[in-house]
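Written below as structure tokens is the structure these notes are about.
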2 protein chains.
Amino acid sequence: MNQSRNGTAPLKATDLSRTASTSDIIFDALRDAIIRGEIGEGETIRQESIARMFNVSRIPVREALKRLEAQGLVTSVRFKGVVVSALSPAEIREIFAFRALLESDVIAGAVPAMRPQSLQEARQYMEAFDREEDPAKWGELNWHFHMALYRDAGRPYFLEVIRTANDRVERYVRAQLELTGSRGRARTEHEAIFNACAKGDGEQAAALTRAHILDAGESLIEFLTNDDNARKRDE
Amino acid sequence: MNQSRNGTAPLKATDLSRTASTSDIIFDALRDAIIRGEIGEGETIRQESIARMFNVSRIPVREALKRLEAQGLVTSVRFKGVVVSALSPAEIREIFAFRALLESDVIAGAVPAMRPQSLQEARQYMEAFDREEDPAKWGELNWHFHMALYRDAGRPYFLEVIRTANDRVERYVRAQLELTGSRGRARTEHEAIFNACAKGDGEQAAALTRAHILDAGESLIEFLTNDDNARKRDE
DNA sequence: TTATGCTTTATTGGATCCAATATACAATAT
DNA sequence: ATATTGTATATTGGATCCAATAAAGCATAA
């Protein structure tokens, strides 16, 4: 009864082929730990210690590390190990310029196609971001807000690339959000972007998104190059 | 005497730490085979067969495959294997739009900083592309030409992303270049882009680059959706 | 013939073991 | 004291082996 005669694979009750492998789980966990800043930049990741944490051998750990390396989150030196990549101010500035270019283009393409449901979702994330008191959750809510506005552009490749770019800088943004009053500005800028989308003005939404990202980047760099903050972060 | 006292690591005669691992070699080889079209889209890659080709175990092969998957060149299904990713016309169109956006922006930033040496190099690749008779080499020469013009933008992250985007579509471009007269147009468009750079007109270079890429994308899609060509490619 | 269940085979995912390398440390010489 | 050499230890890279799964073949029944 599970047979299908239209060429697609039969769907078994337990479809193992789309469950996550051990290497997938470890990849996700490490990626998360890195972008949340739980593993600091420059810190080296030992295969054995990760393997012990998950009660597995080093094999799936190594595969996960290779994937992280392919995405640029860690850099590996043969026979020595992998360390969480650190970004120079110049590299951070470049990534924000990158995001500004891509995300403004995407939102301009999304607005004409935007479904009410996406707009509604964006509003909910925006409000949740405003209300949330736990700084650890701001990063994710912020991300969901933007993605809800980008989704209807129908450009999965753009979104994938934006995500990996975001992954590289997210831990810095988190630190900044937690230690400065920058959430206030994000709030008002989000509202402006949202309103432009609701109005159907794609050009304005693009301009606001571009400014939103570039501003965040510049203030982040200022924040990071201030020695006081560096000290504060270490505590 | 190899000791250094300035904090950098000592450089041994045989610096193993920056030699390529087996997994690196296999990664490069597979990536090359995929973007050259030697492994066709939809084709599944068997760990064991690759391992035999290199006289190694399956371990480094698996690591290489995970990296290819992270870059989107293959997709893997648990317990079944990895297959070379196929792109739909919509995905191809999206990637060309992506490249057009990024590359035009990069070249606009590169022109004001362009060194004569880079310009000279670009000219050499352009002329080599014109003269070259072996279609298998066109893709690489074309790539080097563009990269010479982008280099001085000083945006390594942009270039890295452009490269992975290019990797995904290169085999289609190759097929098109080999089977159609599209090299002629590429030639004249290259010349126009080069002249704009030599003049120092970044805006024009950007506009030409954008048109160059979008045109190539559209004509590629037309080429691919023509059944005759699909048959021709299979021969 | 066609569908259903069982068995065999090919293939992947993971564990364990071994080799190669780097690092830390002690011993020695200058 | 400082540099140098040798040794022990920790860590990575890879090979081999085993378990889990999917696909193919085969037998049997409707």
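Numbered from 1 within each chain, the chains take letters A, B, ... in sequence-line order.
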For the base of C:dG14, is there a side-chain donor-acceptor partner from A:Arg58 under 3.5 Å away?
->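 For A:Arg58, whose side chain was compared with the base of C:dG14, there is no donor-acceptor pair (under 3.5 Å).
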Tell me the interatomic distance from [X], atom [atom1], to [N], atom [atom2], rounded to whole angstroms.
{"X": "B:Arg78", "N": "D:dA19", "atom1": "CZ", "atom2": "P", "value": "17 Å"}
{"X": "A:Asp24", "N": "C:dT12", "atom1": "CG", "atom2": "P", "value": "16 Å"}
{"X": "B:Ile45", "N": "C:dG13", "atom1": "CD1", "atom2": "P", "value": "13 Å"}
{"X": "A:Ile50", "N": "D:dT12", "atom1": "CD1", "atom2": "P", "value": "10 Å"}
{"X": "B:Arg67", "N": "D:dG13", "atom1": "CZ", "atom2": "C1'", "value": "13 Å"}
{"X": "A:Phe54", "N": "C:dG14", "atom1": "CZ", "atom2": "C1'", "value": "15 Å"}
{"X": "A:Lys80", "N": "C:dA24", "atom1": "NZ", "atom2": "C1'", "value": "13 Å"}
{"X": "A:Arg62", "N": "C:dT16", "atom1": "CZ", "atom2": "C1'", "value": "12 Å"}

Side chain of [X]: nearest nucleotide among [options]?
{"X": "A:Glu63", "options": "D:dA15, C:dG14, D:dT12", "value": "C:dG14"}
{"X": "A:Gln47", "options": "D:dG13, C:dA15, C:dT12", "value": "D:dG13"}
{"X": "A:Phe79", "options": "C:dT16, D:dT12, D:dT16", "value": "D:dT12"}
{"X": "A:Pro60", "options": "D:dT16, C:dG13, C:dA15", "value": "C:dA15"}
{"X": "A:Arg46", "options": "D:dG14, D:dT11, C:dT16", "value": "D:dT11"}

Compute whether any side-chain donor of one residue and acceptor of the other, for [X] and [Y], lie under 3.5 angstrom apart.
{"X": "A:Glu91", "Y": "B:Tyr157", "result": "no"}
{"X": "A:Arg67", "Y": "A:Ser23", "result": "yes"}
{"X": "A:Thr164", "Y": "A:Asp167", "result": "no"}

Under 4.0 angstrom, heavy atoms only, what part of the nucleic acid is A:Ile26 near: base, sugar-phosphate, or nothing?
->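 Counting heavy atoms under 4.0 Å across all strands, no contact is made by A:Ile26.
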Find which nucleotide of DNA chain C each of B:Glu48 and B:Ile59 is nearest to by heavy atoms, and output the residue with the more 5' nucleotide.
->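 Nearest-nucleotide comparison on DNA chain C picks B:Glu48.
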Pairing of A:Arg78 and B:Asp24 as salt bridge, 4.0 angstrom limit |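 No salt bridge links A:Arg78 with B:Asp24.
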Is the shortest side-chain N/O distance from A:Ser57 to OP1 or OP2 of C:dT16 below 4.0 Å?
->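 No, no such contact exists.
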Member of B:Met126, B:Arg151, B:His212, B:Arg99 meeting the side chain to side chain contact (heavy atoms under 4.5 Å, CB included) criterion with B:His146 |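 With B:His146 as partner, B:Met126, B:Arg151, B:His212, B:Arg99 yield a single side chain to side chain contact (heavy atoms under 4.5 Å, CB included), made by B:His212.
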